[in-house]
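Values below: every heavy atom of this structure, side chains too, minus hydrogens, waters and symmetry copies. Protein chains get the first letters and strands the later ones, always in sequence-line order, with residue 1 at the start of each.
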Amino acid sequence: MVLTLQTKDGGIWFKPADLVEGRASWHIDYGEEVDSIELRLFWYTSGKGSQDVGIVRVLRDDSPDPSGHRDFSIRAPEGPYSFSGKLITLSWAIELVALPSGETERLDLRIGPQPVEVDIA
Amino acid sequence: MSAVVVSRHRPANNPFASHRVEGLAFRFKGIGPEALRRRLDDLGGRAAIVGPEGSGKTTLLEELARTLPGQSVWVRLGAGCHRPWHTARTQLPSPVSTKHTVLIDGAEQLGHLGWHRFLFATRRAGRLVTTLHRSGRLPTLIECRPDHHLLRALVEELAPTEAPHLAPDLDDLFRRRNGNIRLCLRDLFDLFAGRSKPIFDPKSG
């Protein structure tokens, strides 16, 4: 299975409430079971301690063709901005997930007023 | 002890970030996963992984679970669990049957009565494996005894470039943390995060 994700123009920085536009593509090999394909916009933390994650938008395609693509347009959230402190980094990402196998392709985004993540360390 | 200086890493790129530490495989010494599984069967399918805090018991339990047949049922009781028996019971299927392999992490949270209730509730489980700080509640499957060689090996895996610079201090860190590998790795996270780290301060301790 091949899953690919790309944003329009390849950009990864989006201001709050911007439209995140791009294309999700997939190729399902013969014999692989795929009931649906999901595109998720989510945040996650990494660093010290347990990781947290929150999914804020989901676009779902049931019974996808073996090979296909879908152009997407998702409104970027107002917040929180992408940031790094001393203990955790909060990152935004979109991922393309094939279900039920859970095979995933992820593209990290940066959401905030500036093109660099907020440094609160 | 030498003063260790490393450049500050953002948390997501810290070599000792939790998602990297949790991805470490258990380092088997003297006995492999298959031999361990056979030993569990020899013990009647009920046994304990024994070791002090931060010695890799949970990591081993997770790896062992992958080699065991049957449907895994995880019961996780964190330190300071308010109502451990109630918490454990809500994580068990009803009824527990021979197709289930019950894995309980943090069984010492259950008191004497809670433990016996738990044993009764899981009496029909195909297998029951627990982690414990001390032996006694179930036959000991294996004892986890971390040493400074293990800490060095894990640091080399997580931070291969910096490991040679850290090596002189790791034995001392291991000793100060009483062999708790988890705490050692958290201290190393702090060091790489640029947080003040008395454990690496030659004047401390």
B:R145, CZ: over 12 other non-hydrogen atoms inside 6.0 angstrom: no
Contacting region of B:R20 [heavy-atom separation from chain A under 4.5 Å]: neither
Crowding at CZ, B:R8 (>12 non-hydrogen neighbours, <6.0 Å): yes
Flag side-chain contact, heavy atom, 4.5 Å: A:K48 against B:D190: yes
Atom pair OG/CG of A:S84 and B:N13 - distance to nearest 0.5 Å: 7.5 Å
Sidechain-backbone polar pair: B:S18 side chain, A:G49 backbone, donor-acceptor under 3.5 Å: yes
Neighbour count >12 (heavy atoms, 6.0 Å) for atom CZ, B:R27: yes
Reported CZ-to-CZ distance for the pair B:R10 and A:F83, which is rounded to 0.5 angstrom: 11.0 Å
